[in-house]
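Notes for the one structure printed next.
Chain identifiers are assigned alphabetically (A, B, ...) following the order of the sequence lines, protein sequences preceding nucleic acid strands; residue numbering begins at 1 within each chain.
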Amino acid sequence: MALLQERVKELVAKYGRSRENLLPVLQGIADTEHYVSEYAMQLVAEEMGLSAADVYGTATFYSFMETTPRGKYIIRVCKTISCFMKGKNQILLALEEALKIKLGETTPDRMFTLLETNCLGWCHKAPAMLINDDVHVDLTIEKVHQIIREYKQKANN
Amino acid sequence: MGKNVLKRIDLIFKHEDDCHEVLQKTLKRSDDELINELIGSGLKGRGGAGFPTGLKWKLTREAQGDVKYVICNADEGEPGTFKDREILATVPYKVLTGMAVCGKIIGATNGYIYLRGEYRYLVKDLEAEINKFHKICDEVGLNFRIKIFLGYGAYICGEESALFESMEGKRGEPRNKPPFPTEFGYMGKPTVINNVETLAHTWTIFKYGAKKFRDLGVQDSRGSKLFSISGDTPIPGIYELELGMTVEEFVEDFGDGDTKAVQVGGASGFCVPRKKFRDIAIGYQGKLTGISLPTGGSMMLFNSSRSMYNVLHNYLEFFAEESCGQCTPCRVGTQQLLQGIKAVKRGEKPAAYLDKLLSLSETMKATAKCGLGQSVANSFQSIVENFREEMIY
């Protein structure tokens with residue numbers, strides 16, 4: 001917990017205490033912790049001189065701001081129309097099979113979380129997904145298994 | 001398909017390495033001259049709303065305020081749109097130059113790019129481009145700095161006032177208008193907020209003159225426009241085309257020979273069924289073109305193997321999730337429309353229930369606070385009215 005306090009202090013020092021820096025500070029916490037806990041929100045509120053309710057309101061508004069513990073790699077499969085038409089359901093099934101979890105769940109080793117998201121802006125190369133900030137497009141079932149294998153190797157090293 | 005009836009334009013993505021010269025030359029001209037050039041070009045906002053860009057800059061320039069801002073809206077979230085990402089990845093200096101010239105004209109020294117979280121992978125390269133550009137600004141003696149602000153997965157933040165709220169560290173909930181951003185924008189200061197593509201077009205206009213841009217397009221829809229093309233097409237991708245084409249011409253070029261409908265403008269746009277392809281043009285309202293549909297450039301094609309019920313269901317799920325929840329017509333309306341079409345499809349409600357839903361969508365159009373809730377009616381009505389049978393059986 002002391003670590004989290006330091007992280008919050010460091011981020012607020014980097015971006016500044018005024019309210020317009022709230023989102024970058026919260027993003028910074030999510031980057032290292034993989035989510036923003038209510039405790040972290042309280043720390044941010046104290047450090048920035050805001051009410052905890054204000055911080056909670058902002059944090060819970062944004063769909064990429066995870067507020068429950070997530071894996072190191074957050075997979076977001078695009079479910080909007082073009083990806084839906086090009087078989088995103090099959091991609092999702094392949095991911096569930098490769099990771100042995102269901103949509104919305106996190107692997108027991110806290111490596112992967114499987115989520116859906118709205119339009120990623122890769123409709124011409126559908127189906128598409130994000131793994132953290134990295135984009136994967138023109139997905140096929142084989143490609144999905146290959147990608148997950150590579151991430152698993154990366155995670156083990 | 002593949003008939004190439006439409007002329008391909010190559011302005012936006014044409015690589016030009018004279019950023020320094022273009023900026024220097026443009027800054028030497030008077031503000032009035034530049035604004036007149038922009039107004040004369042007929043450029044309208046390329047995000048979809050189509051507000052005249054020159055007028056926006058002029059109003060912000062005239063607004064009272066010691067601090068003003070230029071913001072580039074790169075929160076490209078409309079389903080089926082992906083052109084802005086490509087601009088920022090390949091010709092970012094055109095956008096940065098447009099922002100800097102705007103800053104000089106309106107009297108702003110700070111600019112921001114609001115980049116959607118989904119495009120975070122662009123940040124590194126874009127920051128390097130911005131640093132390069134800052135050096136150019138210093139060389140030509142312009143005091144202007146640009147920063148990236150990262151969004152975090154909220155479609156509504158593409159709405160300009162929601163975007164300001166988000167940048168101010170709050171929930172991305174749209175404000176009441178007026179006051180408009182030209183008077184009261186980011187941090188309550190006069191702000192020009194333009195789409196990525198709009199700013200990229202200003203490069204063409206300042207470098208080559210308004211005529212080059214104005215010579216393209218028809219009537220009130222001048223210039224070229226980037227189209228993001230996806231769905232049932234053999235050649236998905238980004239294409240720069242002239243405004244004013246009919247949907248029929250578009251389908252001849254990009255359809256797969258079996259196109260049953262085209263969604264113009266994404267989930268918040270209109271669905272055009274085959275029987276109306278000939279009657280509808282792409283552009284802003286103009287006398288010659290009859291019915292014209294404005295668009296941010298999202299064009300999704302559906303062939304006869306697609307269920308329009310599934311398409312509408314997908315859009316409504318999208319809206320129900322992305323509604324910010326602030327105003328009742330949108331928060332409750334999107335849920336009711338979604339539950340409503342499901343109930344009709346399952347036979348739990350009679351077909352006539354669709355008429356109730358149509359009237360609900362009309363109420364949302366009249367009473368929702370911002371463009372999100374108001375525009376749900378566009379796709380809902382155009383799909384339900386044209387494909388009623390598919391909604392029921």
* Structure fact -> Sequence neighbours excluded, the answer for salt bridge (charged side-chain N to carboxylate O under 4.0 Å, His left out) partners of B:Lys68 is none
* Of the backbone (N, CA, C, O) and the side chain (C-beta and beyond), which part of B:Cys157 lies under 4.5 Å from a heavy atom of chain A, both, or neither? -> side chain
* Structure fact -> Interatomic distance, CE@B:Met300 vs SG@A:Cys123, rounded to 0.5 Å, equals 7.0 Å
* Engaged part of A:Leu130 at the chain B interface, taking heavy atoms whose separation is under 4.5 Å -> side chain
* Structure fact -> Residues A:Ile81 and B:Phe302: closest non-hydrogen pair is CG1-CE2, 4.0 Å
* Asked: What part of B:Ser298 is in contact with chain A, defined as an atom under 4.5 angstrom from a non-hydrogen atom: side chain, backbone, both or neither?
  -> neither
* **Step-by-step side chain to side chain contact (heavy atoms under 4.5 Å, CB included) determination, A:Trp122 to B:Glu118** => CA-CA 10 Å; A:Trp122 289 92; B:Glu118 289 84 343; over 6 Å; no
* Segment of B:Glu78 engaging chain A (4.5 angstrom heavy-atom cut-off) -> backbone
* Are more than 12 heavy atoms from other residues, nucleotides or ligands located less than 6.0 Å from atom NZ of A:Lys9? -> no
* Name the region of A:Lys86, side chain, backbone, both or neither, that has any atom closer than 4.5 Å to a heavy atom of chain B. => side chain
* Could you walk me through whether A:Ser63 and B:Tyr155 pass side-chain hydrogen bond (donor to acceptor under 3.5 Å, both in side chains), step by step? => CA-CA 10 Å; A:Ser63 73; B:Tyr155 168 72; over 6 Å; no
* **B:Ile238 CD1 to A:His124 NE2 distance, which is reported to the nearest 0.5 Å** => 5.0 Å
* Structure fact -> When the 4.5 angstrom heavy-atom criterion is applied to A:Val135 and chain B, the contacting part is side chain
* When rounded to the nearest 0.5 angstrom, what distance separates CZ in A:Phe64 from OH in B:Tyr152? -> 8.5 Å
* **Heavy-atom donor-acceptor pair, B:Asn314 side chain to A:Met85 backbone, under 3.5 Å** => no
* Pairs of heavy atoms under 4.5 Å with chain A: top-ranked of B:Glu173, B:Arg116, B:Glu86, B:Glu76 -> B:Arg116
* Just give me the residue among B:Gly325, B:Gly117, B:Pro79 that pairs up with chain A most often, heavy atom to heavy atom, under 4.5 Å. => B:Pro79
* Structure fact -> Ranked by heavy-atom pairs below 4.5 Å to chain B, first place among A:Asn118, A:Asp134, A:Leu23 goes to A:Asn118
* B:Arg120/A:Asp31 ion pair, N-O < 4.0 Å -> yes
* Structure fact -> Honestly, the part of B:Met167 sitting under 4.5 Å from a heavy atom of chain A is backbone
* To do: Check each atom of B:Ile156 against the heavy atoms of chain A and say whether the ones under 4.5 Å are side chain, backbone, both or neither.
  => side chain
* **Residue pair B:Tyr315 / A:Thr80, side-chain donor-acceptor N/O under 3.5 Å** => no
* Taking all non-hydrogen atoms of both residues, which atom of B:Ala154 and which atom of A:Tyr62 are closest, and how far apart? -> CB-CD2, 4.0 Å
* **Salt-bridge present (A:Glu20, B:Lys170; N to O < 4.0 Å)** => no
* Asked: Taking everything shown except A:Lys88 itself, do over 12 heavy atoms lie less than 6.0 Å from its NZ?
  -> yes
* To do: With rounding to the nearest 0.5 Å, note down the distance linking OG in A:Ser18 to CE in B:Met187.
  => 6.5 Å
* **Flag, side chain of A:Thr58 to backbone of B:Gly169, donor-acceptor distance under 3.5 Å** => yes
* Asked: For the side chain of A:Gln27 and the backbone of B:Leu150, is there at least one donor-acceptor N/O pair under 3.5 Å apart?
  -> yes
* Which of the residues A:Leu22, A:Asn132, A:Leu120 is involved in the greatest number of heavy-atom pairs with chain B at under 4.5 angstrom? -> A:Leu120
* To do: Sort B:Ile148 into side chain, backbone, both or neither according to what part of it lies under 4.5 angstrom from a heavy atom of chain A.
  => neither
* **All salt bridge (charged side-chain N to carboxylate O under 4.0 Å, His left out) counterparts of B:Arg175, not counting sequence neighbours** => B:Glu165, B:Glu168
* To do: Over all heavy atoms of both residues, which pair between B:Tyr121 and A:Asp133 is shortest? Give the atoms and the distance, please.
  => CB-O, 3.4 Å
* **Spatial distance of atom CD (B:Gln326) from atom CZ (A:Phe61) [nearest 0.5 Å]** => 8.5 Å
* Asked: Heavy-atom distance under 4.5 Å to chain A: side chain of B:Asp84, backbone, both or neither?
  -> neither
* Measure A:Ala126 against the heavy atoms of chain B and call it side chain, backbone, both or neither at under 4.5 Å. => neither
